[in-house]
Amino acid sequence: MREGSKYQPLLEFLRGSNQNEVILTFGEIEALMNDSLPESAKDKRAWWSNRTKGALQASAWMEAGYRVEDVDLIEQRVTFCKPSSNYQVKRKGDTVLWNGALIKALRRHMGMTQAEFAEKLGVYQQTVSQWEKGAYEPTRATSKYLTLVAQQAGFKAINGD
């Protein structure tokens, strides 16, 4: 995030928090920023999405290590959560057995939507969605590829770091 952004105070506030979950009202966020949120923040859930491109506001919470987990437009409050860094990684021999939580964590680590992640892996977005929901698990060959992608992305969870 560039210095002087109106969302810089939100970044600094979240960075200074030692909580895994922070709930702020829109008014509290505006007070931190000493500025108003745009109208779209107050009536469009998409404004609060955890996207990595074209959203200065998302940069604020994501650079601070948080993700938006819930937005209540009626109560005008947002829940920021730090993603867990402790994952149960199971292996069969030298192959990581990828489960939904681990796949979602890798995708988020890479800052990708399900569609972007699917494109990188050469699968359909619905496949990624079903993996993340636990409907089914990747094949052994796909698991090996996921492990390679994770290593290239610096995803430490699979190495036990």
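None of the values given here were measured: they were computed from a predicted structure.
- Counting non-hydrogen atoms of neighbouring residues, nucleotides and ligands closer than 6.0 angstrom, the CG atom of Asn34 reaches no more than 12 such neighbours.
- Using a cutoff of 4.0 Å between basic side-chain nitrogens and carboxylate oxygens, Glu30 and Lys42 are scored as salt-bridged.
- Summarising the geometry, atom CZ belonging to Arg67 is positioned 12.0 Å from atom CZ belonging to Phe80; distances are rounded to the nearest 0.5 Å.
- Nearest heavy-atom pair across Ser59 and Leu11 is O-CD1, 4.4 Å.
- A distance of 13.0 Å separates CG in Leu24 from CD in Gln76, rounded to the nearest 0.5 Å.
- With Glu28 contributing its side chain and Thr25 its backbone, the two residues share a donor-acceptor pair below 3.5 Å.
- Between the OG1 atom of Thr113 and the CD atom of Gln125 there is a distance of 8.0 Å, given to the nearest 0.5 Å.
- Of the possible polar contacts, one joining the Asn50 side chain to the Val68 backbone as a donor-acceptor pair under 3.5 Å is found.
- Heavy-atom minimum distance, Ser143 versus Thr95: CB-CG2, 4.1 Å.
- Relative ring orientation between Trp48 and Phe26 is described as parallel, the plane-to-plane angle staying below 30° on a 0-90° scale split at 30° and 60°.
- Between Phe155 and Trp98, the ring planes lie parallel to each other; the angle is under 30°, not in the 30° to 60° tilted range.
- Residue Lys144 qualifies as enclosed at atom NZ: its count of foreign heavy atoms under 6.0 Å is above 12.
- No side-chain N or O of Asn99 forms a donor-acceptor pair with one of Trp131 less than 3.5 Å apart.
- To the nearest 0.5 Å, atoms CG (Leu97) and OG1 (Thr147) are separated by 9.0 Å.
- Taking both residues in full, the closest heavy atoms of Tyr7 and Met33 are given as CD2-SD, 3.6 Å, listed atom of the first, atom of the second, then distance.
- Annotation: the span from Leu146 atom CG to Glu137 atom CD amounts to 11.5 Å, rounded to 0.5 Å.
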Pair Arg107-Glu116, salt bridge (Lys or Arg N to Asp or Glu O under 4.0 Å): steps then yes or no: CA-CA 9 Å; Arg107 177 177 63 78; Glu116 291 166 338; over 6 Å; no
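- Using modelled atom types, one finds no donor on one side chain facing an acceptor on the other under 3.5 Å when comparing Gln126 with Gln130.
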